[in-house]
Amino acid sequence: QVQLVESGGGSVQAGGSLRLSCAASGFTSTSYRLAWFRQAPEKAREGVAAAYTAANSAFYGDSVKGRFTISRDNAKNTVYLDMTRLSPEDTAVYYCAAAPYPYAGSWSNPGGYAYWGKGTQVTISS
């Protein structure tokens with residue numbers, strides 16, 4: 001049974017940092033594209049970052065470039081999202097997602113992911 005479990009969310013003040021973790025089980029993550037999405041109230045789910053294993057490459061949404069870093073520890077089947085210089089606009093529920101190879105569509109399209117975690121809340125106060 002495939003499971004993605006996020007952790008690390010919480011409340012911090014603007015300018016602060018948080019690290020999110022997503023532990024994957026039930027599959028070998030090395031063959032999957034792993035990503036983070038977020039969804040704020042009354043807004044569409046937004047792609048934050050994605051990491052590919054084979055190319056050892058990462059992609060980021062424009063709103064988080066230079067502030068967020070995605071990384072993966074394949075030995076632990078875990079993907080991380082290091083978030084810095086947080087602002088109230090980053091407040092959202094953050095979801096981990098996994099897409100098996102062959103990957104479908106753009107990394108930022110939620111429809112291309114077969115598995116999702118339940119999400120973790122991130123709240124940034126001004």
Side-chain angles (χ1 to χ4, degrees):
Q1 181 181 359
V2 174
Q3 273 194 316
L4 299 171
V5 180
E6 303 96 337
S7 61
S11 299
V12 298
Q13 289 189 326
S17 302
L18 278 175
R19 179 180 233 205
L20 305 183
S21 300
C22 172
S25 61
F27 65 97
T28 303
S29 65
T30 52
S31 59
Y32 283 69
R33 176 175 66 193
L34 298 176
W36 288 95
F37 285 78
R38 66 186 182 185
Q39 190 164 18
E42 301 182 359
K43 290 190 176 180
R45 192 163 293 192
E46 173 191 15
V48 175
Y52 292 74
T53 298
N56 196 29
S57 60
F59 295 85
Y60 297 93
D62 289 341
S63 62
V64 306
K65 281 180 183 176
R67 299 188 299 122
F68 291 11
T69 303
I70 188 171
S71 60
R72 51 194 298 170
D73 185 334
N74 293 323
K76 295 182 178 180
N77 248 17
T78 300
V79 62
Y80 304 96
L81 184 69
D82 289 294
M83 306 185 293
T84 65
R85 290 184 282 145
L86 287 160
S87 72
E89 289 70 34
D90 296 313
T91 295
V93 177
Y94 283 70
Y95 297 92
C96 177
Y101 186 84
Y103 313 125
S106 167
W107 72 267
S108 60
N109 179 4
Y113 292 81
Y115 305 106
W116 291 85
K118 293 182 178 180
T120 184
Q121 176 70 46
V122 172
T123 303
I124 312 302
S125 58
S126 58

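These numbers were taken from a predicted model, which means no experiment stands behind them.
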With a 4.5 Å limit on heavy-atom distance, are the side chains of [X] and [Y] in contact?
X: C96; Y: W116; value: no
X: Y52; Y: L34; value: no
X: T120; Y: L20; value: yes
X: L81; Y: T69; value: no
X: D90; Y: F68; value: yes

Sequence neighbours left out, what pairs pass side chain to side chain donor-acceptor pair (under 3.5 Å) with at least one residue falling in residues 39-51? R38-E46, Q39-R45, E46-S63

Please report the interatomic distance [atom1]([X]) to [atom2]([Y]), rounded to the nearest 0.5 Å.
X: S17; Y: D82; atom1: OG; atom2: CG; answer: 8.5 Å
X: S126; Y: Q13; atom1: OG; atom2: CD; answer: 9.0 Å
X: I70; Y: C22; atom1: CD1; atom2: SG; answer: 9.0 Å

Test of understanding: with side chain to side chain contact (heavy atoms under 4.5 Å, CB included), list the residues that count as partners of A23, not counting sequence neighbours.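 Expected list: T78.
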
Taking the six-membered ring of Y80 as reference, does the cationic atom of R19 (NZ for Lys, CZ for Arg) lie under 6.0 Å from its centre and within 45° of its axis? yes

Do you know the tightest heavy-atom contact between A99 and Y103?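 Minimum heavy-atom separation between A99 and Y103: O-CE2, 3.4 Å.
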
How close do S125 and P88 get, heavy atom to heavy atom, and via which atoms?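 Minimum heavy-atom separation between S125 and P88: C-CG, 4.4 Å.
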
I'd like to know whether the aromatic ring centres of Y32 and F27 sit less than 6.0 Å apart in this structure. yes

Please walk me through it: do W36 and E6 pass side-chain contact (heavy atoms from CB on, under 4.5 Å)? CA-CA 10 Å; W36 288 95; E6 303 96 337; 3.8 Å; yes

Could you go step by step and tell me if K118 and Y95 meet the side-chain contact (heavy atoms from CB on, under 4.5 Å) rule? CA-CA 7 Å; K118 293 182 178 180; Y95 297 92; 5.9 Å; no

Quick one, N74 with R72, criterion side-chain contact (heavy atoms from CB on, under 4.5 Å). Give me CA distance, side-chain angles, the key distance, then yes/no. CA-CA 6 Å; N74 293 323; R72 51 194 298 170; 3.1 Å; yes

Show me, pair by pair, the donor-acceptor contacts under 3.5 angstrom made by side chains of residues 105-112, not counting sequence neighbours?
| residue | atom | partner | partner atom | Å |
| --- | --- | --- | --- | --- |
| S106 | OG | S108 | N | 3.3 |
| S106 | OG | S108 | OG | 3.1 |
| N109 | OD1 | G111 | N | 3.0 |

Answer with yes or no whether the side chains of E89 and T91 bring together a donor and an acceptor at under 3.5 Å. no

We want to know whether Y113 and R33 form a side-chain donor-acceptor pair, criterion being a heavy-atom distance below 3.5 angstrom.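 Judged by distance alone, the side chains do pair up.
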
May I ask whether Y94 and V5 are part of the same hydrophobic cluster, defined by side-chain heavy atoms of I, L, V, M, F, W, Y residues being less than 4.5 angstrom apart, directly or through others? no

Which of these passes side-chain contact (heavy atoms from CB on, under 4.5 Å) with M83: I124, V122, V64, V48?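 For M83, the side-chain contact (heavy atoms from CB on, under 4.5 Å) check succeeds only for V122.
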
Donor-acceptor contact present, side-chain D73 to main-chain K76, <3.5 Å: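 Yes, D73 side chain to K76 backbone: donor-acceptor pair under 3.5 Å.
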
